[in-house]
*Asks:* 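Pasting in a structure now, in structure tokens, and then I'll have a few things to ask.
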Amino acid sequence: MRALPAGCAVPQEGELTRRAFDEPEHRWRTPFERDCGRIIHSRAFRRLAGKTQVFTDRGSDHFRSRLTHTMEVAQIARTIARALGLNEDLTEALALAHDIGHPPFGHAGERALDEELRRYGLRFDHNLHALRIVEHFENRHLEFRGLNLTLAVREGIVKHSRDYAAAEHPELREYFLDKRPPLEAQLIDLADEIAYLTADLDDGMEAEILTLEEIRGGVTLLERHYAALEAEHRGAPEKLLFQESLKLMLNALADDLVGEIGRRVGERGMASIEDIRNAEDRVAAFSPEMERLRREAKEFLYEKLYLCEDLRHGHERAEGVIRDLFAAWMADPERLPPGYAAQAAEEGAPRVIADYIAGMTDHFILETHRRVGKIAFSGESRQDRPAAGDQG
Ligand code: MG
């Protein structure tokens, strides 16, 4: 254990547990455990099961969805939080929420939505969209709108992966924009990297896009373990050597992160959340050597997997579907499901269309595209509106 000074962890009470609407404390659950529960029980969380992580429609049930990816991130993040003596419940809540703002079709979907919104001077940002989901679109409580999450969880949802300039985002002023987030939030982005760097090698092999030879030649972090295991277990099946190496690669990344955070906190004499908030940069980081290996693995995945010819067709189709739907609804916002049509009249169609699309699963958006396409291109009656089902 490399526990940090106790003051570096977000406490289970105090300012950061504040909710927008006051609620009585729970008898035995901490505020952040309650937030975990609210996120798990939300509709947006369930929809993660139907959203692409990297692969869509490639004929295997073994690829990660955003939901299983999220569970992997939560497991890794919680382990790191425990090793450092940080707030595990808060860390888990942030991991569970970290991808709920993602639109369908993975990063291709996010890019396409952002491009559409830019035409109207707006942007799509999955962190800010996640905040809209938990504050406005999830409605399951009698007394308040949204999930009424604690301040620490809302701050972490906004800031876990990037900082926002206070001058550009006055609406986020509550979230200490001129300061770093607590370590529990900082480590989410890195736990996310650890999860997908290893999982995407695995899924890339499963999809038969990556070969073991390519991975061994391009990812030192894996090859190191593979070569040692191969020498130690002569004749063992490649598949098991690969899986074992992935596991050791994951452990090496997590161990390094724990060690480096501990080292930085110690070296700088940090003892409180304020010290972490006021630091010039984020304290959570890999060691320089591991950072180099992480970058190598990530560049390998970009070149051989994320941007490969094999996946490009899917990306183009995703962009086309989003572009078509956006154009059809911009031309006639009345074709949106009634609730959204009313909201579009109030808030402006582009943002509301983006909210609606972002909430969709891969399956639902394809089905909607088919139906809306029929109306938009053949002039059928407006009775055939898409179901109002997917968001909220
Ligand atoms: Mg993620």
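Throughout, numbering of the chain's residues begins at 1 and tracks the sequence. Computed over heavy atoms, backbone and side chain alike; hydrogens, waters and symmetry mates excluded. Read the numbers this way: they start at 1 and go in the same order the structure lists the ligands and their atoms.
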*Asks:* Do you know the tightest heavy-atom contact between Thr68 and Arg64?
*Replies:*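 Minimum heavy-atom contact is OG1-CA, 3.3 Å.
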*Asks:* To the nearest 0.5 Å, tell me how far Leu301 CG sits from Cys308 SG.
*Replies:* 10.5 Å
*Asks:* Answer yes or no on whether Arg162 is positioned over the face of Tyr164, meaning its NZ or CZ is under 6.0 Å from the six-membered ring centre and within 45° of the axis.
*Replies:* yes
*Asks:* Which atoms of the protein, restricted to N, O or S, are nearer than 2.8 Å to the Mg ion (ligand 1)?
*Replies:* His69 NE2, His98 NE2, Asp99 OD2, Asp192 OD1
*Asks:* Which pair of non-hydrogen atoms, one from Thr70 and one from Ala95, has the smallest distance, and what is that distance?
*Replies:* CG2-O, 3.6 Å
*Asks:* Only one of Leu222, Leu197, Leu201, Leu221 clears side chain to side chain contact (heavy atoms under 4.5 Å, CB included) with Phe300; which?
*Replies:* Leu201
*Asks:* Which pair of heavy atoms, one from Pro104 and one from Lys51, lies closest together, and at what distance?
*Replies:* N-NZ, 4.2 Å
